[in-house]
Amino acid sequence: MRICCICGARPNFMKIAAVVEAFRDHPELEPTIVHTGQHYDRRMSKAIFDDLGLPRPDVNLEVGSANHAVQTAEIMRRFEPVVEELRPDLVLVVGDVNSTVACSLVATKLGVAVAHVEAGLRSFDRSMPEEINRIVTDALAHLLFVSEESGMTNLRREGVPEENLFFVGNVMIDTLLRHRDRADGSRVLEELGLAPRGYAVLTLHRPSNVDDAETFRRLAAAFSEIGRELPIVFPVHPRTRARLEAFDVLRDAEASGYVRPVDPLAYLDFLKLMAEAAVVLTDSGGIQEETTILQVPCLTLRENTERPATVEAGLNVVVGTDPRAILSAFRSACDLERAAEPPAGWDGRAAKRIAALLAQLGTAGLARLQGVRQGG
Ligand code: UD1
């Protein structure tokens with residue numbers, strides 16, 4: 001079975017790494033790694049590949065940054081000839097980024113089976129570009145590999161046939177568990193002069209939080225307040241870096257040492273930074289999952305989450321973007337009991353389950369699943 005594995009943006013790499021690794025146990029599964037080039041800075045791409053020991057991509061589409069329509073269209077334009085040349089039996093996409101939806105569209109139109117890893121997550125907020133990407137990808141995919149219980153419920157409600165649904169667990173957690181010991185050896189705390197539990201970690205990159213000056217300023221006021229009580233380390237995403245400069249926010253907090261912006265970190269350093277933090281503040285999806293497993297309280301700076309299993313597990317609190325709510329949640333978060341029960345299937349074996357399923361299905365099984373979704 002020839003499998004084209006798609007990755008494009010930073011959070012995709014940890015997921016693809018687990019899948020490609022699991023394919024090694026099944027010689028009949030032949031992966032080709034296609035990098036769309038959606039993320040291209042060394043710190044956003046190559047540094048993560050290196051940390052994960054991921055082989056270099058077989059194909060790099062080098063699309064780079066652009067607005068949504070242009071970026072999605074450019075990925076499609078460049079991916080179509082790759083599918084025509086490689087003639088894969090399966091295109092495997094992960095997550096919810098523009099690369100995910102673009103490659104799913106190309107493959108389905110060329111009659112190639114599509115597998116979506118991390119299917120079924122829903123924020124029920126269509127103002128998020130990721131929600132659109134998730135809905136479209138799941139409407140097209142033939143194999144929907146689901147990471148948490150809510151995904152099964154959502155896909156059933158959307159009418160996806162039972163045969164196409166596979167509850168496998170969380171591949172991002174496979175990668176976390178695999179690299180946890182190596183991450184423990186990271187010297188990032190010493191390099192940044194931090195003591196375990198003596199700091200908070202912040203990440204922020206959602207357009208809804210950083211693209212509007214007023215919202216970003218309001219959030220920054222909350223971070224400055226928190227920073228007086230506990231210094232905040234802030235690895236800054238390139239999108240956010242541009243807005244920090246354009247809107248001139250956080251300058252005072254940075255000068256007084258309350259908030260410390262640093263460049264994006266590679267995978268192992270970031271894992272260590274999270275694992276030793278007193279609390280993590282974030283608008284990322286994957287970080288909500290990672291903190292649940294690392295047993296670190298997480299404040300999600302959004303109005304909703306597509307990952308309710310992290311809230312049910314007890315360590316993720318969806319706080320929104322109101323500064324008062326963030327401050328009060330911060331004060332109680334540090335006291336949260338660090339005893340979250342991991343959600344079902346977040347056990348380090350999700351990718352192995354995917355690989356075993358694919359090996360068992362074979363190309364005849366893929367054709368059958370394509371047939372099941374044929375009528376819509
Ligand atoms: C993308 C995903 C988002 C994911 C995030 C993880 C979509 C719609 N969004 O958002 O779901 O959570 O990745 O990081 O696919 N840039 C660089 N260097 C890079 C990459 C980006 O400087 O290597 C800058 C560019 O100015 C670019 C901006 O960051 O315009 C945004 O990049 P883009 O890939 O469009 O979206 P993200 O915000 O990274």
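Basis for what follows: all heavy atoms, side chains included, without hydrogens, waters or symmetry-related copies.
Ion pairing between a basic and an acidic side chain is recognised when a charged N comes within 4.0 Å of a carboxylate O; Glu80 and Arg77 show no such pairing. By the 4.0 Å N-to-carboxylate-O rule, Arg331 lies close enough to Glu229 to be salt-bridged with it. Looking at Arg206 and Glu130, a side-chain N of the basic residue comes within less than 4.0 Å of a carboxylate O on the acidic one, giving a salt bridge. Of the charged side-chain nitrogens involved, at least one lies within less than 4.0 Å of a carboxylate oxygen, so that Arg307 and Glu289 count as a salt-bridged pair. Between Glu62 and Arg78 there is no salt bridge, since no side-chain N of the basic residue sits under 4.0 Å from a carboxylate O of the acidic one. Salt bridge status for Asp211 with Arg239: present, with a side-chain N to carboxylate O gap under 4.0 Å. With respect to Glu21 and Arg24, a salt bridge is recorded, a charged nitrogen being found less than 4.0 Å from a carboxylate O. By the 4.0 Å N-to-carboxylate-O rule, Asp50 lies close enough to Lys46 to be salt-bridged with it. Between Glu254 and Arg251 there is no salt bridge, since no side-chain nitrogen of the basic residue lies less than 4.0 Å from a carboxylate oxygen of the acidic one. Between Glu306 and Arg134 there is a salt bridge, with a side-chain nitrogen of the basic residue lying less than 4.0 Å from a carboxylate oxygen of the acidic one.
Evaluated for a side chain to side chain donor-acceptor pair (under 3.5 Å) with Asn133, the options Asn98, Thr100, Thr72 yield exactly one hit, Asn98.
With rounding to the nearest 0.5 angstrom, the CG atom of Asp283 is 6.5 Å from the CG atom of Leu301. Between the CZ atom of Phe79 and the SG atom of Cys103 there is a distance of 4.5 Å, given to the nearest 0.5 Å. Interatomic distance, Phe167 CZ to Leu144 CG, rounded to the nearest 0.5 Å: 13.5 Å. With rounding to the nearest 0.5 angstrom, the CG atom of Leu265 is 11.0 Å from the OG1 atom of Thr203.
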Stepwise salt bridge (Lys or Arg N to Asp or Glu O under 4.0 Å) test for Arg122 and Glu158: CA-CA 11 Å; Arg122 296 289 180 270; Glu158 289 173 20; 2.8 Å; yes
CA sep, side-chain torsions, deciding dist, call: Lys15, Asp174, salt bridge (Lys or Arg N to Asp or Glu O under 4.0 Å): CA-CA 8 Å; Lys15 298 168 194 169; Asp174 292 2; over 6 Å; no
Verdict with supporting geometry, Asn12 and Arg10, side-chain hydrogen bond (donor to acceptor under 3.5 Å, both in side chains): CA-CA 5 Å; Asn12 294 164; Arg10 182 170 60 179; over 6 Å; no
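No side-chain heavy atom of Val112 sits under 4.5 Å from any side-chain heavy atom of Asp89. Using a 4.5 Å heavy-atom threshold, the side chains of Thr36 and Cys7 count as separate. Counting heavy atoms from C-beta outward, Leu192 and Leu273 have side chains that approach closer than 4.5 Å. Proximity of Val188 to Leu194: side-chain heavy atoms (C-beta onward) are nowhere separated by under 4.5 Å. Residues Asp322 and Ile326 are not in side-chain contact: their nearest non-hydrogen atoms beyond the backbone lie 4.5 Å or more apart.
Counted by atom type alone, His116 and Asp138 present one or more donor-acceptor pairs between their side chains at under 3.5 Å. Between the side chains of Ser123 and Glu131, a donor-acceptor pair is found at a separation under 3.5 Å. In this structure, a donor-acceptor pair under 3.5 Å is present between the side chains of Ser150 and Glu148. Residues Asn316 and Thr300 bring a donor and an acceptor atom of their side chains to less than 3.5 Å of each other. With hydrogens and angles left out, the side-chain atoms of Thr175 and Tyr267 include no donor and acceptor closer than 3.5 Å. Side-chain contact of Ser186 with Asp269: a donor-acceptor pair under 3.5 Å is present, judged by distance alone. Using modelled atom types, one finds no donor on one side chain facing an acceptor on the other under 3.5 Å when comparing Thr282 with Gln288. Inspection of the Asn154 and Arg156 side chains reveals no N or O donor paired with an N or O acceptor under 3.5 Å.
Aromatic ring centres of Phe13 and His39 lie farther apart than the 6.0 Å criterion allows.
Cluster membership for Leu357 and Val20, using ILVMFWY side-chain heavy atoms within less than 4.5 angstrom, is shared.
Ring-plane geometry between Phe145 and Phe166 is classed as tilted, the angle between the planes lying from 30 to 60 degrees on a 0 to 90 degree scale. Under the 30°/60° scheme for interplanar angles, the aromatic rings of Phe223 and Phe234 are found to be tilted. Using the six-membered ring where Trp is involved, His237 and His205 have ring planes that are parallel, under 30° apart on the 30 and 60° scheme.
Annotation for Asp252: atom CG does not count as buried by contact number, only 12 or fewer foreign heavy atoms lying within 6.0 Å. Within 6.0 Å of the CD atom in Glu245, the count of heavy atoms belonging to other residues, nucleotides or ligands exceeds 12. Taking a 6.0 Å sphere around CZ of Arg218, one finds it holds more than 12 heavy atoms contributed by other residues, nucleotides or ligands. Surrounding CD of Glu28 are more than 12 heavy atoms belonging to other residues, nucleotides or ligands, all under 6.0 Å away. Residue Arg349 qualifies as open at atom CZ: its count of foreign heavy atoms under 6.0 Å is 12 or below. Summarising the local packing, CD of Glu190 is surrounded by more than 12 heavy atoms from other residues, nucleotides or ligands at distances under 6.0 Å.
In this structure, Asn164 contributes its side chain and Leu143 its backbone to no donor-acceptor pair below 3.5 Å. With Arg217 contributing its side chain and Phe247 its backbone, the two residues share a donor-acceptor pair below 3.5 Å.
In this structure Arg126 satisfies the salt bridge (Lys or Arg N to Asp or Glu O under 4.0 Å) test with no other residue, sequence neighbours excluded.
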